[in-house]
Amino acid sequence: MKKIIALFTSLVILYSVYHDLTVGVLPALSANSTEQEESSGPIKEENDMFTKKIKPGDTVLSILEAHQQGPLPVAIEQIVADFERLNNGVKPEQIQMGETYKFPIYLKETD
């Protein structure tokens with residue numbers, strides 16, 4: 001019985017790893033979310049950004065989601081590119097506590 005449980009557990013783990021590597025665990029972009037990306041467009045004006053001083057535990061995504069008050073309407077790749085452009089090439093993983101950075105604002109698409 002222990003061998004059957006071990007075999008079953010091993011199969012579940014192997015399938016989980018296979019699924020994660022081939023399909024992934026993040027939701028795929030749908031046609032609707034692609035339209036939202038295009039509608040938000042590149043950041044051009046000062047009105048399209050805000051500044052925030054980094055506190056312990058803050059990440060670029062957590063700050064943007066808190067400001068947006070929900071999920072972001074653009075892909076993570078777009079967020080990273082916009083953040084780097086606004087902050088002279090500073091990568092999101094290089095932000096430092098106590099420093100102030102510029103963050104892009106993404107407008108929700110209204111139906």
Side-chain angles (χ1 to χ4, degrees):
M1 186 65 162
K2 289 181 183 180
K3 289 182 181 182
I4 292 174
I5 292 173
L7 177 65
F8 181 71
T9 304
S10 299
L11 290 174
V12 169
I13 291 172
L14 287 174
Y15 176 76
S16 297
V17 170
Y18 170 77
H19 181 72
D20 187 39
L21 293 175
T22 57
V23 177
V25 293
L26 295 175
L29 290 176
S30 65
N32 189 19
S33 63
T34 304
E35 291 173 10
Q36 289 175 347
E37 276 184 50
E38 294 169 358
S39 69
S40 63
I43 314 294
K44 296 177 187 169
E45 303 176 11
E46 293 293 319
N47 300 0
D48 295 340
M49 65 176 195
F50 67 98
T51 58
K52 174 131 173 72
K53 188 173 183 178
I54 304 300
K55 298 177 189 169
D58 281 345
T59 65
V60 172
L61 289 178
S62 68
I63 291 169
L64 288 173
E65 285 175 343
H67 187 269
Q68 183 78 19
Q69 297 179 348
L72 298 167
V74 296
I76 292 175
E77 293 82 10
Q78 182 67 44
I79 293 169
V80 170
D82 290 341
F83 180 82
E84 288 178 2
R85 188 174 43 74
L86 288 172
N87 294 288
N88 299 321
V90 175
K91 297 192 179 305
E93 60 270 11
Q94 295 174 329
I95 63 173
Q96 296 186 7
M97 193 172 45
E99 295 292 321
T100 301
Y101 296 97
K102 298 175 185 174
F103 294 88
I105 296 175
Y106 300 105
L107 301 176
K108 292 180 184 177
E109 186 174 301
T110 56
D111 292 328

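Shown here are the side chain to side chain contact (heavy atoms under 4.5 Å, CB included) partners of Ile5, two or more places apart in sequence or in another chain: Met1, Thr9. Legend: residues meeting side chain to side chain contact (heavy atoms under 4.5 Å, CB included) with Lys91, ordered by chain and number and at least two apart, are Glu84, Glu93, Gln94.
Distance check, rounded to the nearest 0.5 Å: CZ of Phe103 to CG of Leu61 gives 10.0 Å. The CG atom of Leu7 sits 11.0 Å away from atom NZ of Lys3, with the distance rounded to the nearest 0.5 Å. A distance of 6.5 Å separates CD1 in Ile79 from CD1 in Ile76, rounded to the nearest 0.5 Å. The structure places OG of Ser16 at 8.5 Å from CG of Asp20, a figure rounded to the nearest 0.5 Å.
The residue from Leu64, Val74, Asp48, Leu72 that alone fulfils the side chain to side chain contact (heavy atoms under 4.5 Å, CB included) condition with Pro104 is Leu64.
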* Go through the steps to decide whether Tyr101 and Gln96 satisfy the test side chain to side chain contact (heavy atoms under 4.5 Å, CB included), and finish with yes or no. => CA-CA 9 Å; Tyr101 296 97; Gln96 296 186 7; 4.0 Å; yes
Pairs of donor and acceptor atoms involving the side chains of residues 49-60, under 3.5 Å and at least two apart or interchain, shall be tabulated with distances.
{"from": "Asp58", "atom 1": "OD2", "to": "Lys55", "atom 2": "N", "distance (Å)": "2.9"}
{"from": "Thr59", "atom 1": "OG1", "to": "Ser62", "atom 2": "N", "distance (Å)": "3.0"}
{"from": "Thr59", "atom 1": "OG1", "to": "Ser62", "atom 2": "OG", "distance (Å)": "3.1"}

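Taking both residues in full, the closest heavy atoms of Pro73 and Tyr106 are given as CG-CB, 3.8 Å, listed atom of the first, atom of the second, then distance.
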